[in-house]
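First the proteins, then the strands, lettered A, B, ... as listed; each starts at 1.
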Number of protein chains: 2
Amino acid sequence: MTGAKPSPTRNTPQRAAVLRALGNCQDFVSAQMLHARLATADCAVGLTTVYRALHQLQASGQVDVVRDGTGERLYRRRSTAGHQHYLLCRDCGQSRPVDSRVVERWAERIGATSGFTDVEHTVELTGVCGRCRPTAH
Amino acid sequence: MTGAKPSPTRNTPQRAAVLRALGNCQDFVSAQMLHARLATADCAVGLTTVYRALHQLQASGQVDVVRDGTGERLYRRRSTAGHQHYLLCRDCGQSRPVDSRVVERWAERIGATSGFTDVEHTVELTGVCGRCRPTAH
DNA sequence: GTATTTGCAAAGTGTTTGCAGAATA
DNA sequence: TATTCTGCAAACACTTTGCAAATAC
């Protein structure tokens with residue numbers, strides 16, 4: 001890792017807008033949603049730029065990325081350091097972080113005993129939150 | 001579930017071919033791979049039909065479905081009953097089932113205490129298997 | 001004989017890339 | 001000024017759908 005490119009990363013209004021819009025979102029949003037939201041705001045940003053900005057943020061660990069049911073990527077600015085998992089509402093998209101230490105330890109143990117190296121894990125929990133649950137039935 | 005459509009599901013050579021090809025695969029395969037494999041075999045099946053057959057198999061619980069890093073769906077005939085998770089080699093695609101009871105219980109507890117209903121979980125473990133690990137470095 | 005299934009082609013989705021012009025440092 | 005960034009349009013990969021012909025029951 002000695003020759004790692006420093007990633008110049010210039011400051012541009014578009015990138016700032018993406019970060020700001022991301023910060024305004026309580027929950028996970030897709031690149032498309034973010035792009036649409038920025039389009040209505042004063043500072044429109046191209047879809048391509050949104051994707052590129054999100055890639056950089058992902059690479060630098062500033063956003064968490066999950067996949068919804070269709071495989072679409074959803075992004076959220078990371079609040080706490082380290083690994084975090086979420087429970088997503090399938091209906092409204094609301095997310096809440098969950099205590100995943102059990103899973104972390106489990107994944108570590110699998111990595112240690114499986115003969116595999118560089119074991120990574122993805123955990124996605126989805127459900128229907130109280131607000132979205134139909135009262136009847 | 002009283003009014004569930006019986007799903008006529010006629011017996012066709014194409015569907016049988018998909019199932020057979022799926023059975024021949026030790027590991028997860030994508031619909032595209034399956035289609036390509038069938039194309040080289042004597043009994044070619046249209047890509048559309050492969051997708052539809054896989055959907056039916058998924059609906060009837062005969063295959064497990066995971067997503068690879070790019071969001072592509074991978075299918076594998078289910079051997080054991082119930083829920084099963086796998087550790088996939090990022091390099092060669094080899095899979096091995098892992099003991100996920102810990103995670104199952106964890107997901108259940110989350111479901112019970114979160115206020116969410118119908119909580120489902122997806123767990124994907126990826127790593128590099130012993131055969132694919134470069135010996136040097 | 002009738003309803004299902006097939007498979008081609010085309011549409012649809014989310015994402016990535018090529019490239020000329022604009023903007024940053 | 002030199003390099004990076006932007007953003008449109010087109011390319012891409014995977015998946016789904018429309019519809020006429022073939023097929024299973």
Side-chain angles (χ1 to χ4, degrees), chain A residues 4-22 28-60 62-63 65-76 88 93 122 124, chain B residues 4-22 28-60 62-63 65-76 88 93 122 124:
Chain A
K5 205 68 170 301
S7 268
T9 311
R10 288 182 178 169
N11 268 345
T12 66
Q14 290 89 342
R15 211 166 284 175
V18 170
L19 243 178
R20 185 161 10 95
L22 207 51
F28 282 89
V29 287
S30 67
Q32 308 275 349
M33 287 191 245
L34 219 45
H35 172 246
R37 188 169 306 199
L38 285 166
T40 63
D42 50 344
C43 45
V45 176
L47 181 57
T48 309
T49 304
V50 173
Y51 274 109
R52 284 193 276 232
L54 289 173
H55 279 188
Q56 293 177 347
L57 291 170
Q58 178 181 6
S60 60
Q62 294 178 73
V63 297
V65 185
V66 302
R67 261 172 219 283
D68 71 2
T70 72
E72 189 178 12
R73 286 180 183 79
L74 301 179
Y75 302 85
R76 173 172 174 169
L88 294 175
T122 304
E124 279 156 38
Chain B
K5 204 68 170 301
S7 267
T9 310
R10 289 183 177 168
N11 267 346
T12 66
Q14 290 89 342
R15 211 168 283 175
V18 170
L19 243 179
R20 186 157 13 94
L22 206 51
F28 283 90
V29 287
S30 67
Q32 307 275 347
M33 286 189 247
L34 219 45
H35 173 245
R37 188 169 306 198
L38 285 166
T40 64
D42 48 346
C43 45
V45 176
L47 180 58
T48 309
T49 303
V50 173
Y51 275 109
R52 285 193 276 231
L54 288 173
H55 278 187
Q56 292 177 348
L57 290 170
Q58 178 180 5
S60 59
Q62 294 178 72
V63 296
V65 185
V66 301
R67 263 172 216 284
D68 71 1
T70 72
E72 189 178 13
R73 285 180 184 79
L74 302 179
Y75 303 85
R76 174 172 172 168
L88 294 175
T122 304
E124 279 156 37

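Looking at heavy atoms from C-beta onward, B:R67 lies out of side-chain contact with B:E72 at the 4.5 angstrom threshold. The shortest side-chain heavy-atom distance between B:L22 and B:V29 falls under the 4.5 Å cut-off.
Atom CZ in B:R10 sits about 10 Å away from atom P in C:dT6, given to the nearest Å. Between A:F28 atom CZ and C:dG14 atom C1' there is a gap of 18 Å when expressed in whole angstrom units. Distance CG (B:L38) to P (C:dT6): 12 Å, rounded to an integer number of Å. Rounded to whole angstrom, the span from the NE2 atom of A:H55 across to the P atom of C:dG14 amounts to 15 Å. Protein atom CZ of B:R67 is 19 Å distant from nucleotide atom P of D:dA13, rounded to whole Å. Between the CG atom of B:L74 and the P atom of D:dC14 there is a distance of 11 Å, given to the nearest Å. Rounded to an integer number of Å, the gap from A:Q56 CD to C:dT16 P is 13 Å. In this structure, A:D68 atom CG and C:dT15 atom C1' are separated by 14 Å, rounded to whole Å.
Comparing B:E72 and A:P13 by the nucleotide of DNA chain D whose heavy atom lies nearest to each, the residue mapping closer to the 5' end is A:P13.
Here the straight-line distance linking atom CG of A:L19 with atom CD of A:Q14 works out to 13.0 Å at 0.5 Å rounding.
Two end axes, each from the C1' atoms of five base pairs, can be drawn for the helix from C:dG1-D:dC25 to C:dA25-D:dT1; they diverge by 30°, to 10 degrees.
OP1 and OP2 of D:dC5 both lie 4.0 Å or more from every side-chain N or O belonging to A:T12. Here B:Q14 reaches the OP1 or OP2 of C:dG7: one of its side-chain N or O atoms lies under 4.0 Å away. Considering only side-chain N and O atoms, A:Y51 lies under 4.0 angstrom from the phosphate OP1 or OP2 of C:dT15. Between B:R15 and C:dT5 there is a side-chain N or O to OP1 or OP2 distance below 4.0 Å.
Of all the heavy atoms in A:A39 and A:A44, the pair that sits closest is CA-CB, 4.3 Å.
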Pairs under 3.5 angstrom only: tabulate donor-acceptor contacts from the side chains of residues 45-60 of chain B to other protein residues two or more places apart or in another chain.
from	atom 1	to	atom 2	distance (Å)
B:Y51	OH	B:Q32	NE2	3.0
B:Q56	OE1	B:R15	NE	3.3
B:Q56	OE1	B:R15	NH1	3.4
B:S60	OG	B:Q56	O	3.0
B:S60	OG	B:L57	O	3.3
B:S60	OG	B:Q62	NE2	2.9

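Residues satisfying the side-chain contact (heavy atoms from CB on, under 4.5 Å) criterion with A:A21, sequence neighbours excluded, are A:L34, A:L38. With sequence neighbours left out, B:R76 forms a salt bridge (charged side-chain N to carboxylate O under 4.0 Å, His left out) with B:D27.
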Enumerate all atom pairs, one protein N or O and one N or O from nucleotides 8-12 of chain D, separated by less than 3.5 Å.
from	atom 1	to	atom 2	distance (Å)
D:dC8	N4	A:T48	OG1	3.0

